[in-house]
2 protein chains.
Amino acid sequence: MSDRSSGLGGLTSARQVGRLAPVRRTSTVDLIADRLRDAVVDGSLPPGAALGEAELAFQLGVSRGPLREAMQRLTAEGLLVIPRRRGLAVRTMTPEDVRDIHWLRARIEPELARRILARPLAERKTVLAELGAEVKRMQRALKKHDARALGDAYLDFHRGLAAWGGSIRLARMMSTLLIETRLCTFSMYEHFEVAVDLVPEHAAFVEALAAEDAERFNALMCAHLDAEVRRLLAEPEATKEDDADRLLAETPDEPQPLDRLDLPEGI
Amino acid sequence: MSDRSSGLGGLTSARQVGRLAPVRRTSTVDLIADRLRDAVVDGSLPPGAALGEAELAFQLGVSRGPLREAMQRLTAEGLLVIPRRRGLAVRTMTPEDVRDIHWLRARIEPELARRILARPLAERKTVLAELGAEVKRMQRALKKHDARALGDAYLDFHRGLAAWGGSIRLARMMSTLLIETRLCTFSMYEHFEVAVDLVPEHAAFVEALAAEDAERFNALMCAHLDAEVRRLLAEPEATKEDDADRLLAETPDEPQPLDRLDLPEGI
DNA sequence: TATTGTAAGTTTGTCGACAATACGATGATC
DNA sequence: GATCATCGTATTGTCGACAAACTTACAATA
């Protein structure tokens with residue numbers, strides 16, 4: 001991702017010729033997993049819909065073996081659910097999931113600013129440019145009332161944040177969390193509306209970064225995630241407590257409708 | 001997990017007879033994955049060792065299909081690495097991984113106290129009892145100089161913390177992080193020694209919880225995780241900066257020794 | 001002597017097939 | 001009329017097999 005040779009100066013430029021980047025060979029399982037993830041993200045596999053293995057394998061042009069392996073991977077990521085003998089289903093997020101995911105994000109994302117600001121100036125500039133571009137994308141999407149594109153830009157903004165502020169592991173985790181966030185918007189669709197506040201909120205993030213004000217970024221991010229939860233759960237700002245209780249109580253946990261089975265394994 | 005009928009009073013006690021707990025049917029893949037996880041935790045699959053599928057499948061008494069599916073799941077969890085056409089290997093943690101994992105833990109674990117303290121009194125008592133028992137286990141293990149048992153108790157202590165302070169998702173994530181922590185101790189074994197401080201540190205955690213002092217718990221946990229990183233990386237307390245740089249520089253990222261291949265998929 | 005080319009062997013990656021199981025529908029009995 | 005039992009079907013879970021690919025060792029040549 002980041003340029004490996006930067007920082008070494010021109011000293012090694014003579015040997016640089018032999019320094020070819022390693023070939024990225026990706027396995028079939030990887031490809032299938034990516035394809036499935038994309039399908040989950042763009043909504044072509046809606047939450048709750050149960051799909052047969054044979055059909056899916058045929059569509060993807062592979063046999064059931066590799067498909068099943070990819071399914072297991074997405075299951076471990078929490079995006080898919082594999083009810084016994086019933087194919088696979090995209091996970092449906094519950095109100096509890098929404099809170100959970102955003103709680104985790106609230107632990108991580110605010111801190112990212114500090115780590116980004118600790119980077120050298122040149123990189124910081126790149127980050128600002130990238131994030132700024134994403135905000136512009138969001139703006140354009142909003143103008144066209146394209147909720148899908150807005151969501152995509154949102155995803156990429158936060159993905160970029162994690163990529164620059166964290167490690168590979170962190171980026172991977174954040175990416176999963178973000179996809180889960182999107183699953184939340186799919187699952188809670190009745191409450192979902194194109195959020196006009198989103199663009200100024202994210203513009204403010206970039207501003208805070210530019211001003212090197214980690215504290216403000218922190219506060220902004222917490223506020224944003226808070227607002228996001230309320231938006232998704234359709235909680236009015238004031239009666240937060242009551243609604244939280246109500247929605248939690250609404251969550252039935254006995255009759256499990258096929259895509260709400262709890263997470264797979266005994267951890 | 002939590003008692004479902006509580007709050008309804010004794011009204012439903014007559015029907016309670018018919019309320020059997022759902023049968024936990026676990027798939028073969030789950031079983032294999034659990035077995036592999038256990039093997040990683042207890043060190044029978046040491047980091048870096050490459051194992052053949054056929055051999056492993058034979059040992060587990062299953063065919064290669066389900067084994068491969070389980071492997072994919074552990075891969076998604078970051079515990080295994082699947083180099084192309086070379087079987088599977090337990091991941092070797094790098095110094096960067098150590099910092100990374102503990103940074104994540106430091107974002108999450110300190111906050112757990114607040115959530116535990118928000119629970120009703122009865123539950124809090126249970127938590128304290130459970131955690132106290134784990135500390136006792138640690139103490140006994142230390143007395144016997146049994147590093148393995150000490151590590152197990154340590155794992156269960158923090159697992160319990162996550163189980164009581166978080167959601168299912170959080171518990172799952174923490175469990176993975178803890179197993180990765182253990183992999184760190186395996187991977188950095190040359191620097192690893194039985195830590196005598198561990199027991200009083202954890203006793204202090206329980207005390208802080210008993211005193212309902214979330215702030216102190218917070219500080220203690222951060223200090224503990226910090227110390228853990230230093231211990232693993234063998235960084236003396238003072239020259240932290242220098243050593244951090246040195247160790248990071250030591251990490252070669254070009255010639256990848258089979259179990260250090262980066263995380264599998266393009267997230 | 002070092003390096004490249006070749007060949008054998010081993011292991012994975014993928015596929016097809018079989019069997020077991022769960023579900024749905026239809027019919028029978030109380 | 002409703003509930004239960006039985007049968008059929010569709011789909012999964014598992015296994016075995018084949019072919020391709022990678023590695024290692026060995027030999028030949030410069």
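First the proteins, then the strands, lettered A, B, ... as listed; each starts at 1.
Applying the salt bridge (charged side-chain N to carboxylate O under 4.0 Å, His left out) criterion to B/R35, with sequence neighbours excluded, gives no partner residue. With sequence neighbours left out, the side chain to side chain contact (heavy atoms under 4.5 Å, CB included) criterion links B/A133 to no other residue. Checked against salt bridge (charged side-chain N to carboxylate O under 4.0 Å, His left out), B/R182 has the following partners two or more places apart in sequence or in another chain: B/D152. Take B/E134 and apply the salt bridge (charged side-chain N to carboxylate O under 4.0 Å, His left out) test, not counting sequence neighbours, and it matches B/R137.
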Enumerate the protein-to-nucleotides 10-13 of chain D contacts in which both atoms are nitrogen or oxygen and the separation is below 3.5 Å.
| unit_1 | atom_1 | unit_2 | atom_2 | d |
| --- | --- | --- | --- | --- |
| D/dT12 | OP1 | A/E53 | N | 3.0 |
| D/dT12 | O2 | A/R85 | NH1 | 3.2 |
| D/dG13 | OP1 | A/R85 | N | 3.1 |
| D/dG13 | OP2 | A/R68 | NH1 | 2.8 |
| D/dG13 | OP2 | A/R68 | NH2 | 3.4 |
| D/dG13 | N7 | A/R64 | NH2 | 2.8 |
| D/dG13 | O6 | A/R64 | NH1 | 3.4 |

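At whole-Å resolution of the value, CG in B/L60 and C1' in D/dC15 are 15 Å apart. Whole-Å rounding puts the B/L67 CG to D/dC15 P distance at 11 Å. In this structure, CD of A/E69 is placed 11 Å from P of C/dC15, rounded to the nearest angstrom.
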Contacts under 3.5 angstrom, residues 43-54 of chain B side chains, donor-acceptor by atom type, not counting sequence neighbours:
| unit_1 | atom_1 | unit_2 | atom_2 | d |
| --- | --- | --- | --- | --- |
| B/S44 | OG | B/A39 | O | 3.3 |
| B/S44 | OG | B/D42 | OD1 | 2.6 |
| B/E53 | OE1 | B/R64 | NE | 3.0 |
| B/E53 | OE1 | B/R64 | NH2 | 3.1 |
| B/E53 | OE1 | B/R68 | NH1 | 3.4 |
| B/E53 | OE2 | B/R68 | NH1 | 2.6 |

